[in-house]
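The first residue of the sequence shown is numbered 1, and numbering continues consecutively from there. This one's a predicted model, so the numbers in the text were calculated from it and none came from an experiment.
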Amino acid sequence: MRVRRRTVWFMTLLSLVAVISVYYLVDPAKQFNGLTIFTDDTLQQTAVTGVTDQEATKEGETKEVSSPSHLFEEMRMQVSDERSQLRQQLTQKIGSQEASAEEKNKAYNDMDSLIKQESAEAMLEMLIKSLGYSDAFVKADGDKVSVTVMAEELSKSQANEIIYLVRTEMEGANDVQVKFSANNNY
């Protein structure tokens with residue numbers, strides 16, 4: 001049981017480091033205050049804006065710039081937010097005095113499965129990138145796995161290679177769907 005708690009804490013800390021790193025990389029010119037990213041007010045006030053193109057815009061305006069990679073990151077953040085809420089619900093159920101031992105055990109097993117799923121998705125994204133794609137997004141939902149890769153076009157043999165990789169690396173992946181994104185279209 002201690003190993004699982006350590007794993008949960010390690011994954012939580014690793015996620016925190018990733019969020020702080022992304023926060024710092026988005027706007028490195030600002031003075032970094034790590035506590036500001038944990039307040040609800042900051043989350044509600046945060047708006048994603050693009051890079052200011054001083055030649056093309058007037059003073060004070062910003063021009064939004066997006067690329068598929070940013071869209072992949074947005075998709076990852078959305079999934080992360082959804083799973084964070086689920087993780088919070090499971091944690092509350094585990095700590096609840098009103099829940100039975102069976103319910104707590106199920107919640108704990110669900111939490112463990114969620115961590116394994118997130119790890120498998122991250123590993124698959126790295127493996128797909130190692131095949132030569134600039135970015136990849138993997139989302140598993142039960143036996144269904146959706147893979148989106150950044151590529152100008154995707155041949156059947158490339159799609160089959162990705163499907164094979166997903167099925168060998170992710171247990172129970174029976175329905176694998178592969179899409180590609182050359183620009184902002186999914």
Side-chain angles (χ1 to χ4, degrees), residues 3-4 6-8 10-28 46-51 53 56 62-87 89-90 106 108-186:
V3 173
R4 288 185 180 174
R6 286 183 189 162
T7 304
V8 170
F10 176 74
M11 293 301 291
T12 303
L13 289 174
L14 188 62
S15 299
L16 179 62
V17 168
V19 168
I20 290 172
S21 299
V22 168
Y23 183 81
Y24 182 75
L25 290 174
V26 168
D27 195 4
T46 302
V48 179
T49 59
V51 178
D53 183 358
T62 60
K63 177 181 176 183
E64 290 198 28
V65 178
S66 63
S67 72
S69 185
H70 291 296
L71 294 174
F72 279 38
E73 289 304 318
E74 287 177 23
M75 291 166 38
R76 285 185 188 102
M77 291 301 288
Q78 182 180 6
V79 169
S80 176
D81 289 346
E82 291 170 2
R83 290 184 179 162
S84 177
Q85 290 175 355
L86 177 61
R87 197 176 295 113
Q89 291 171 356
L90 292 171
K106 183 184 179 324
Y108 187 78
N109 289 337
D110 290 346
M111 178 88 78
D112 189 46
S113 296
L114 184 63
I115 292 169
K116 288 178 182 176
Q117 178 181 344
E118 289 174 335
S119 298
E121 289 173 349
M123 179 62 74
L124 277 171
E125 286 178 2
M126 287 190 309
L127 289 171
I128 291 169
K129 287 179 191 178
S130 73
L131 294 175
Y133 300 99
S134 59
D135 204 355
F137 175 74
V138 177
K139 183 178 180 194
D141 187 19
D143 66 340
K144 296 179 182 180
V145 180
S146 174
V147 179
T148 306
V149 293
M150 190 181 306
E152 290 300 318
E153 59 183 273
L154 195 64
S155 70
K156 285 185 180 183
S157 64
Q158 290 171 316
N160 286 335
E161 181 180 27
I162 293 171
I163 290 170
Y164 178 76
L165 179 68
V166 170
R167 286 188 175 168
T168 56
E169 294 294 324
M170 188 173 274
E171 188 177 312
N174 297 326
D175 182 11
V176 181
Q177 184 180 43
V178 179
K179 298 180 266 184
F180 71 95
S181 173
N183 43 29
N184 295 339
N185 300 327
Y186 287 113

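Annotation for Glu82: atom CD counts as buried by contact number, over 12 foreign heavy atoms lying within 6.0 Å.
In this structure Ser157 satisfies the side-chain contact (heavy atoms from CB on, under 4.5 Å) test together with Ser155, sequence neighbours excluded. Gln89 pairs by the side-chain contact (heavy atoms from CB on, under 4.5 Å) definition with Leu86, not counting sequence neighbours. Residues that satisfy the side-chain contact (heavy atoms from CB on, under 4.5 Å) test with Asp81, not counting sequence neighbours, are absent from this structure. Evaluation of the side-chain contact (heavy atoms from CB on, under 4.5 Å) rule for Met123 yields Met126, Leu127 as partners, not counting sequence neighbours.
With rounding to the nearest 0.5 Å, the separation of CG in Leu114 from OG in Ser119 is 9.5 Å. Interatomic distance, CD1 of Ile115 versus OG1 of Thr12, reported as 7.0 Å (0.5 Å rounding).
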Let me have the donor-acceptor pairs involving side chains of residues 161-176, under 3.5 Å, with sequence neighbours excluded, atom names and distances please.
| residue | atom | partner | partner atom | Å |
| --- | --- | --- | --- | --- |
| Arg167 | NH2 | Asn174 | O | 2.8 |
| Thr168 | OG1 | Tyr164 | O | 3.1 |
| Thr168 | OG1 | Leu165 | O | 2.9 |

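Of the possible polar contacts, none joining the Ser84 side chain to the Ser80 backbone as a donor-acceptor pair under 3.5 Å is found.
Here the side chains of Ser181 and Phe72 are in contact, with some heavy-atom distance below 4.5 Å. Between Tyr133 and Gln158, the closest side-chain pair of non-hydrogen atoms falls below 4.5 Å.
Screening residues 108-134 for salt bridge (Lys or Arg N to Asp or Glu O under 4.0 Å) gives Arg76-Glu125, Arg83-Glu121, Arg87-Glu118, Lys106-Asp110, Asp112-Lys116, Lys129-Asp135 as the qualifying pairs, with residues at least two apart or on separate chains.
In plain terms, the two heavy atoms of Val178 and Ala159 that are nearest each other are CG2-O, 4.1 Å.
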